[in-house]
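Only this structure's heavy atoms are used, side chains among them; waters, hydrogens and symmetry mates stay out. Below, chains carry the letters A, B, ... as their sequence lines are ordered, and counting in each starts from 1.
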Protein chains: 2
Amino acid sequence: MSTDERAAFRSPTLDTVAAAAGVSRATVSRVVNNSAKVSADVRELVDATITRLGYVPNRTARSLAKRRTDSVALVLREADATVLADPYLAAMIIATSRSLVGTGVQLVLVNARDDPEHGTLADYVRGGHVDGVLLASMHADDPLPRILVEARVPTVVGGRPERPVPGLAYVDCDNVGGGRLAAEHLVGTGRRRIASIAGPPDMTAAADRLTGYHRGLAHAGLPIGPIAFGDFTRVSGERAMTELLERAPDLDAVFAANDLMAVGALRVLRAAGRRVPEDVAVVGYDDVELASLTEPALSSVHQPVSEQADTMTELLLRQIGGAAPGDPVLLPVELVRRDSS
Amino acid sequence: MSTDERAAFRSPTLDTVAAAAGVSRATVSRVVNNSAKVSADVRELVDATITRLGYVPNRTARSLAKRRTDSVALVLREADATVLADPYLAAMIIATSRSLVGTGVQLVLVNARDDPEHGTLADYVRGGHVDGVLLASMHADDPLPRILVEARVPTVVGGRPERPVPGLAYVDCDNVGGGRLAAEHLVGTGRRRIASIAGPPDMTAAADRLTGYHRGLAHAGLPIGPIAFGDFTRVSGERAMTELLERAPDLDAVFAANDLMAVGALRVLRAAGRRVPEDVAVVGYDDVELASLTEPALSSVHQPVSEQADTMTELLLRQIGGAAPGDPVLLPVELVRRDSS
DNA sequence: GTCCGGTGTGTAAGCGCTTCCATTGATCAT
DNA sequence: ATGATCAATGGAAGCGCTTACACACCGGAC
């Protein structure tokens, strides 16, 4: 069937219904939006006509008239497919989708790669296809948040932006607290030569976790152990662990800035003949499902992903409704202790 | 900033540009769509005006006028959050998003739970907010595909529908072939008492894998081993494996209909003191990243998820363009052999 | 010089809906 | 009775864009 043919099956419009019910378009519109004063009998008549004709309002037309699309964009700022495989991000997508259920707001998934040159994405948003933007997984140098704020597009960022942007709302998990939690836990179980596999320094989440970890050690009066950097992939975790073992063969614990890298560490440790947790304790971050499936099961800092998504959408919808962006929100994390530490 | 205030910042429209450039709206429109004949100098003038004014076309208005939204829905038919955690589904979402990059078509993620009563979703689609629908993870009794086809909404299903629906396009991975591949592999490595953890019988993918597995055994002249059913979650895999060990303590191989359940089986086997692969060989299905991370690493049937997503979007876009739905597509799978078999 | 076929541009009629404003009867106090 | 008030409805003007159609203008064929 061609587009033309399909057009022949055009569904009834407000006019059709109005004519069939013998009332004006305006009245039908009022009924559909259950707005204002419509007498009970007219309402009933119109409702009946609507179901009889199988009328369903055209969202596009409505959007145009109301200047409101009732949909928001979830923008993923990851060009790299590898990083997109991150289960945390996947969880974020699902959670966001779920938190929108029942609000009548639709979720448009926008892949960052739609945006070869900066500005295109901003234009898209300004094009009026969405009422607001949820920004996930940003990198430090990303100009997008500022652009959006300046274009007065309601925006909420997941995670702390590198530099504060006035009027930019964001919802972060307490990465500093999480890093500290991990350090304190390891110290508390008697570890003294604690190494760390950090994430990419250009991501604030990674930097904050490292900061917290440092603080935890400092607070316990311990020196800062060796640090190797990864990019949140398993392979980079393996590389980092190998490096750490060379630089500090006597380490007795490792804190990895995410679970994928922790899993990599686990493998390298096993290959090197170190027992976990007897010889080396390992703590990961994110608490993705994978963490409970490894052998030994991985201790990890749990992030409230659903809550983060819920908060983000709530802030966004409120902003779309006209409220001020409001203050940043920091969500608490907790350590889930399993067998690896 | 309230909605009203924001409205005050209304961006320039076609009219604004037309007035500023001293031409008609139609001409500006032609330039924007680089359509038809516009003289070089006028085009240049208009282009300049557009950038000067920072004009960006309003997609909603365009959609209304063209009866075309340039966006498609990806509908997830899973009410249950647990199943939504399936990495295969996550991969599907990402892959679909990626395959749309560069087409100018947007992806709207629709959670099935938006659809408490059947019909709502169909209405949504007919509401003209999307040009077509991608259906993922359907269950056998789902009336949606038929409804969509009858409403003449371009639709492509991922996976084989239980009952053939005339005029319904779908893209499936060769589940029968995959099941058979797994069986043949296990037989080929000398296993003789092969058990199976099957998926929910109301999902065609699960049923087909089981069928293929049966055929593989039959072809080798082996009797069909014990079968336990799970629901594609890890926990159900554990339960199933426990049951199988009771019913057939002498089994020497297990084929699980997905990786999550295979991981569950792995744990139960270890707990039961069976060595993998020495005592019991295990093969999973899906080849999600997790499969390469278990200990021992899991052999698994690999599905071409990206290719499936690509094919689906391609078929859909073609259909939206006016082409007939076309024949179902069956994508080949392959066995990835790792340490568990 | 007239007629023809292009070309480039403008005019205006939508696309399907919302919403302001005016209109019409009632209802009520005076 | 008379005007004021109010609820219910209709009329009509948009929302910002596309696109058939008409029109003017041009060069060339006759």
Expressed as a whole number of angstroms, how long is the span from Leu14(A):CG to dA12(D):C1'? 15 Å
Modelled atom types, side-chain donor and acceptor of Ser99(B) and Thr313(B), under 3.5 Å: yes
Looking at every strand, decide which applies to Val32(B) at a 4.0 Å heavy-atom threshold: base, sugar-phosphate, or nothing. nothing
From CZ of Arg68(B) over to P of dG16(C), roughly how many Å is that when rounded to an integer? 16 Å
Looking only at side-chain N and O atoms, does Thr13(B) come under 4.0 Å of OP1 or OP2 in dG16(D)? no
What is the separation between atom CZ on Arg43(A) and atom P on dA7(D), rounded to the nearest whole Å? 15 Å
Does Asn33(B) have a side-chain nitrogen or oxygen under 4.0 Å from the phosphate oxygens OP1 or OP2 of dT18(D)? yes
If you check every side-chain atom of Arg25(A), which of dC15(D), dG10(C), dG14(D) has the closest atom? dG14(D)
Write down the distance between CZ (Arg67(B)) and C1' (dT18(D)), rounded to a whole number of angstrom. 11 Å
CA sep, side-chain torsions, deciding dist, call: Val46(A), Arg30(A), side-chain contact (heavy atoms from CB on, under 4.5 Å): CA-CA 10 Å; Val46(A) 172; Arg30(A) 288 187 192 105; over 6 Å; no
Ala26(B) has a side chain; which of dA12(C), dG8(C), dC15(C) sits nearest to it? dA12(C)
Within the pair Arg62(B) and dT18(D), is there a side-chain N or O less than 4.0 Å away from OP1 or OP2? yes
Give the nucleotide from the list dC17(D), dT19(C), dC17(C) with an atom nearest to the side chain of Lys66(A). dT19(C)
Rounded to the Å, how far apart are Asn58(A) CG and dG16(C) C1'? 6 Å
Heavy-atom nearest nucleotide on DNA chain C for Ala40(B) versus Ala61(B): which residue maps closer to 5'? Ala40(B)
With a non-hydrogen cut-off below 4.0 angstrom, is Ser29(A) in contact with a base, only sugar-phosphate, or nothing? base
Could you tell me how far apart Arg59(B) (CZ) and dT18(D) (C1') are, to the nearest whole angstrom? 16 Å
Ignoring backbone atoms, establish whether Thr27(B) has a side-chain N or O less than 4.0 Å from OP1 or OP2 of dG10(C). yes
Go through the steps to decide whether Asp70(B) and His129(A) satisfy the test side-chain contact (heavy atoms from CB on, under 4.5 Å), and finish with yes or no. CA-CA 11 Å; Asp70(B) 286 324; His129(A) 215 216; over 6 Å; no
Does OP1 or OP2 of dT9(C) have a side-chain N or O of Ser39(B) closer than 4.0 Å? yes
Do Thr16(B) and Thr13(B) have side-chain atoms, one donor and one acceptor, less than 3.5 Å apart? yes
Between atom CG in Asp41(A) and atom C1' in dA7(D), what is the gap in whole Å? 13 Å
CE of Met203(A) to CG of Asp142(A), rounded to nearest 0.5 Å, is 10.5 Å
Nearest-angstrom distance from the residue atom CG of Leu64(A) to C1' of dC17(D): 8 Å
Counting side-chain heavy atoms from C-beta on, which of dG16(C), dG11(D), dT9(C) comes nearest to Arg30(B)? dT9(C)
